[in-house]
2 protein chains.
Amino acid sequence: MSSTENGAEASARETGRPSPKVPERPHPVTLREVAEAAGVSTATVSLVVNKKKDARIAEETRRRVTDAIRTLGYRPNAMAKTLVSGTSKFIGLVADGVATTPFAGQIIHGAQDEAWKHGYALLIANTEGNGELEQDAIAMMLEYKVRGILYSTWFHRQTDIPPPLREADFVLVNCFSNEQGARAVVPDEVQGGRSATELLLAHGHRRIAFINATIPAPAKDGRLAGYRQALGNAGIPFDPDLVMEAYPDQEGGYRATAGLLQRGAPAVFCYNDRMAMGLYDGLREHGLAIPGDVAVVGFDNQEVIAAHLRPPLSTVALPHYELGAAGVRVLLGIDPAPGGPAKIHCPAVERASVQVQAHA
Amino acid sequence: MSSTENGAEASARETGRPSPKVPERPHPVTLREVAEAAGVSTATVSLVVNKKKDARIAEETRRRVTDAIRTLGYRPNAMAKTLVSGTSKFIGLVADGVATTPFAGQIIHGAQDEAWKHGYALLIANTEGNGELEQDAIAMMLEYKVRGILYSTWFHRQTDIPPPLREADFVLVNCFSNEQGARAVVPDEVQGGRSATELLLAHGHRRIAFINATIPAPAKDGRLAGYRQALGNAGIPFDPDLVMEAYPDQEGGYRATAGLLQRGAPAVFCYNDRMAMGLYDGLREHGLAIPGDVAVVGFDNQEVIAAHLRPPLSTVALPHYELGAAGVRVLLGIDPAPGGPAKIHCPAVERASVQVQAHA
DNA sequence: GTGAAAGCGCTAACAA
DNA sequence: TTGTTAGCGCTTTCAC
């Protein structure tokens, strides 16, 4: 009689006391109950609920059904639906730390928006790079029969494909594998580096320094290549001496100040915004004005930093949102998957740190 | 013959044409197939799979089953499982923008970690404050029979409870409602304001300014109350003139510089880190050193800012991760739900911006 | 110890 | 136009 667990209105009725903590809810209304209430068969209700175009239901019947649905507060059981259809409306997102990292969270956002657009819900798992957790997360997603899995990393890098991932339809996001046929979407670092440099070139600068990262990464090589391309396109010979390296954070940027001044370049492209932030401090200590004495361009477009430095920093955005969205599109076969990783455009964001009249 | 990508060989064999876009995968292995392969009944397999303690299975049988599971690569179908049990292992997280906002993404992270710990997966929906989307998201979660829903906002505020939310077991995270019995977890702004002020008091300051926000919010009132409490505890009379207001961003902080200098306070507690960042610029322009001339404390602990300003900024952390985790615990009934919103501790983070020898 | 069978809520033929 | 029925993959009595 006393069904201990669920159904506390039941328990409330039985014991005479309400259960304020975790209000147990009544047994969910089922299709069958709606059918009975409306005096029709379950098939009919199903037809009405799913608005099947080809099914012709009498207006009167439809009304009775919708009324019953409303009064009973019926909610379809997606699990049962999925059981029948065999595949759920879930897309899994396995992240090694996007939820942790400030701006990379946009990957989640983009994926979720795009997934939603196509009727899918996002199932996320942040694994913090923990391999075991990762396996479990993927297993869980497979058990929920996800339509596919987005495997993403918080910074652009090469990655290994965890074995269970192969059991699903998957797309690598912000990372890639040199394995044949593994679909992936990554930022277009080369174009980004080119755009960053062009921001400076557009303002007449021809002697442009580049403070690259010391840490090996696709971004390091790509941005450098882009920098060289931009110079090349502008007919400016590449001067290796203008390329420095520093640890890619504020401290690194700050420390790079001396080297930059020594080279006397009036324009500089920093590997990332954090470095640019540090450089701002360094330049300021030397009494130099931005962009008057030195024009600065960053990379990443970390909102909190770039938009709010004094002066606001021109930079190139890492398209995290787009990466997430494109990942979903590739997964669903909406966007074609090119041979290698799909390269997502990194848009330039011009702000005051380069605003000096062109003297070209 | 050319099996373009994985998985497709099967379908390629069958249809004679490869399916390069979305490689169809073989029909998932079912419990029944495992049973047949092992020569036992489905009931037995179920018992083995779920490691039922009370069920006594012969070692030999168990081995045959586990072998079959391994060779066939069986994955339980969580949908079917859920259908039977009636309630899924999902917890829904509806956010009005946490995925969008840099640091608030930690709410997702905390919720996901804690949910996972208890065997739950996180189903997220970012609604960007769009009411309709929000309804849809909640409906979707209800249909997937989530165990409960965390309804969260990206900044601490009061909120209305969307009607469909009531159909689920829910907890408000980083927001609250004055409605009876609505469970909620929010940051302890008062304690935070107190801690921030104490950071300054601990270094011997007695004349401490507070640059509050212009915008009404629980944080505004709470932090001010905390500031007053701290002063009171230290036996320092509250001086209304030392409380200024500014728009809570970098620009606002920068603009507040003049007012601060005019009041001549050698220590200041800023409503948030962004304001402190602007104030840094303002103070620097006046040739003032931090913390030598002015000690500064912020609030929020926005990593990119606070940890990397020069000097690093002392601040009080908004416990986003904890909010998400506590939300899950309250939802599952692990943490008791107090009468009002549960207040989560905001830990102080001391950095160099207050490091001046005490002269008390 | 293990199997047979009855559903969980829903969809999709196929009948009527 | 609507009802009947057979599962989807799994758990769970209840027999054997």
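So that the names make sense, note that chain A is the first sequence line, chain B the second, and so on, each numbered from 1.
- Atoms CG (A/Asn77) and C1' (D/dC8) sit 13 Å apart, rounded to a whole Å.
- The CD atom of A/Glu60 sits 13 Å away from the C1' atom of D/dT2 (whole-angstrom rounding).
- Using a 4.0 Å heavy-atom distance criterion, A/Ile57 is classed as a sugar-phosphate-only contact.
- Each end of the helix from C/dG1-D/dC16 to C/dA16-D/dT1 gets its own axis from five base pairs, and the two axes differ in direction by 40°, given to 10 degrees.
- Judged as a ring-ring contact (aromatic ring centres under 6.0 Å, His included), and not counting sequence neighbours, the contacts of A/Phe176 are A/His156.
- Residues in residues 28-72 of chain A take part in no ring-ring contact (aromatic ring centres under 6.0 Å, His included) pair, two or more places apart or across chains.
- For B/Tyr321, the ring-ring contact (aromatic ring centres under 6.0 Å, His included) partners are B/His109, not counting sequence neighbours.
- B/Tyr74 is linked by a ring-ring contact (aromatic ring centres under 6.0 Å, His included) to nothing, counting only residues two or more places apart in sequence or in another chain.
- How far CD1 of B/Ile138 is from CG of B/Leu133: 10.5 Å, rounded to the nearest 0.5 Å.
- Using a 30° and 60° split on the angle between ring planes, A/Phe90 and B/Phe90 fall in the perpendicular class, above 60°.
- Residues satisfying the ring-ring contact (aromatic ring centres under 6.0 Å, His included) test with B/Tyr151, not counting sequence neighbours, are none.
- Applying the salt bridge (charged side-chain N to carboxylate O under 4.0 Å, His left out) test to every pair with at least one member in residues 77-91 of chain A, sequence neighbours left out, gives no pairs at all.
- The footprint of chain A on DNA chain C, defined by a heavy-atom cutoff below 4.0 Å, extends from C/dG9 to C/dA12.
- Residue-to-nucleotide proximity on DNA chain C shows that, of B/Arg56 and B/Ala80, the 5′-proximal contact is made by B/Arg56.
- For residues 63-73 of chain B, the set of pairs meeting the salt bridge (charged side-chain N to carboxylate O under 4.0 Å, His left out) definition, not counting sequence neighbours, comprises B/Glu60-B/Arg63, B/Glu60-B/Arg64, B/Arg63-B/Asp67, B/Asp67-B/Arg70.
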Name each donor-acceptor pair under 3.5 Å that joins a side chain in residues 323-333 of chain A to protein atoms two or more places apart or in another chain, with its distance.
residue, atom, partner, partner atom, Å
A/Arg329, NE, A/Asp335, OD1, 3.3
A/Arg329, NE, A/Asp335, OD2, 3.0
A/Arg329, NH1, A/Glu114, OE1, 3.4
A/Arg329, NH2, A/Glu322, OE1, 3.0

What nitrogen or oxygen pairs link the protein and nucleotides 3-5 of chain D at under 3.5 Å?
residue, atom, partner, partner atom, Å
D/dG3, OP2, A/Ser41, N, 2.7
D/dG3, OP2, A/Ser41, OG, 3.2
D/dG3, OP2, A/Thr44, OG1, 2.8

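- Under 4.0 angstrom from either OP1 or OP2 of D/dT12 there lies at least one side-chain N or O belonging to B/Lys52.
- Between B/Arg32 and D/dG9, a side-chain N or O to OP1/OP2 separation shorter than 4.0 Å is absent.
- Sorted pairs that involve residues 26-51 of chain A and meet salt bridge (charged side-chain N to carboxylate O under 4.0 Å, His left out), not counting sequence neighbours, are lacking altogether.
- Looking at heavy-atom distances under 4.0 Å, B/Ser46 makes contact with a base.
- Atom CG of B/Leu31 and atom C1' of D/dT12 are 13 Å apart (whole Å).
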